[in-house]
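For reference, the structure discussed in these notes is given below.
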Amino acid sequence: MHAPLLFPLAAEDPLAKAVADALAAELGDLEIRRFPDGETYLRYRSAVQDRSVMLFGSLDRPDPKILPLIFAAGAARELGARAVGLIAPYLPYLRQDRRFNPGEAISSRHFAQLLSRDVDWLVTVDPHLHRYKSLSEIYGVPTLALHAAPLLSDWISREVERPLLIGPDSESEQWVGAVARDAGAPSIVLRKHRRGDREVEIEAPDIARWSGRTPVLVDDIVSTARTMIETVRILRKAGMRPPICVAVHGIFAERAFDDLLAAGAARVATCNTVPHGSNAIDVSRLLAEGVRRMTLAC
Ligand code: R5P
């Protein structure tokens with residue numbers, strides 16, 4: 001029986017290599033390039049017939065990545081792959097999980113339907129499930145959502161003295177509660193009002209009583225960083241120590257990372273689910289273990 005073939009969708013992807021090593025999978029050779037007119041050219045340079053194929057790629061900034069992914073999955077099937085799985089350390093298009101205004105697309109559903117047509121299974125890390133209880137509500141193929149909370153707890157326990165874990169909003173309660181329990185630290189959850197993509201208000205009543213602790217903001221995603229920036233600002237105003245910001249997925253749109261540091265964050269640590277200079281928490285073993293479970297089940 002052949003080892004599975006893992007194909008990174010991005011040229012330089014150290015996480016793909018680490019996961020392939022942990023799975024004893026073969027790293028496949030897949031050429032993806034653009035024609036001069038902007039269309040995608042794709043060619044498997046490793047034979048996929050009768051092989052178990054795993055496509056690997058973080059899907060932050062998803063739109064330019066999706067067509068190559070769909071072509072890679074379709075071509076692998078046509079070329080006789082036994083199964084085509086997708087390992088997406090960051091899975092996008094989950095926040096638009098209902099029609100907030102008349103006429104809006106519920107993009108989470110359309111995106112899930114699109115991927116479910118082309119891959120046989122999906123493994124990811126902490127998808128942003130808010131109104132959906134699980135990915136199976138929208139995905140038509142087996143999915144596995146892994147949780148980075150224990151890795152965040154380990155990092156915080158190692159790196160931060162007397163932490164107070166802080167979730168910026170009710171949506172973060174699930175991550176913060178789990179991370180705090182594992183780290184044996186107290187936690188609080190603040191109140192957030194989002195008025196627009198970049199307009200966020202945070203309320204932090206009673207925060208001053210925790211002034212002897214190091215605030216650690218914990219969230220699943222940092223995108224514009226407005227949530228963390230406003231929280232840092234409120235905490236600093238209340239006389240708290242400079243906060244440490246920890247997130248699973250550091251997307252950091254445009255100048256978000258610099259703005260967060262400028263707002264007064266002492267340190268920013270993210271998982272390597274999205275490649276970024278703030279990556280400090282490695283998810284390769286978590287992913288490998290999840291893929292092992294998924295491929296045994298499928
Ligand atoms: C909210 O639902 C999420 O948990 C994050 O708080 C949010 O996505 C962060 O977004 P931003 O960095 O744009 O404020």
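For ligands, and for the atoms within them, numbers begin at 1 and follow the listed sequence. Because only heavy atoms are used, hydrogens play no part in the values below, and waters and symmetry mates are left out as well, while side chains stay in. We count residues from 1, following the sequence as given.
A cation-pi contact links Arg33 to Phe35, judged by a cut-off of 6.0 Å to the six-membered ring centre and 45° from its axis.
With sequence neighbours excluded, the residues satisfying side chain to side chain donor-acceptor pair (under 3.5 Å) with Arg267 are Glu159.
Note on Arg198 versus Glu254: salt bridge recorded, some NZ/NE/NH1/NH2 to OD/OE distance being below 4.0 Å.
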Between side-chain atoms of residues 237-245 and protein atoms elsewhere (two or more places apart, or another chain), which donor-acceptor pairs fall under 3.5 Å?
from	atom 1	to	atom 2	distance (Å)
Arg241	NH1	Thr214	OG1	3.1
Arg241	NH2	Gly212	O	3.0

Would you give me the side-chain donor-acceptor pairs under 3.5 Å for residues 75-82, sequence neighbours excluded?
from	atom 1	to	atom 2	distance (Å)
Arg77	NH1	Arg117	O	2.9
Arg77	NH2	Asp120	OD1	2.7
Arg82	NH1	Asp50	O	3.1

Does Leu69 form a side chain to side chain contact (heavy atoms under 4.5 Å, CB included) with Leu59? I'd like the steps, not just the answer.
CA-CA 10 Å; Leu69 165 59; Leu59 299 179; 4.0 Å; yes
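At a 4.0 Å heavy-atom cut-off, the residues surrounding ligand 1 are Arg95, His128, Asp169, Glu171, Lys192, Arg194, Asp219, Asp220, Ile221, Val222, Ser223, Thr224, Ala225, Arg226, Thr227, listed by chain and number.
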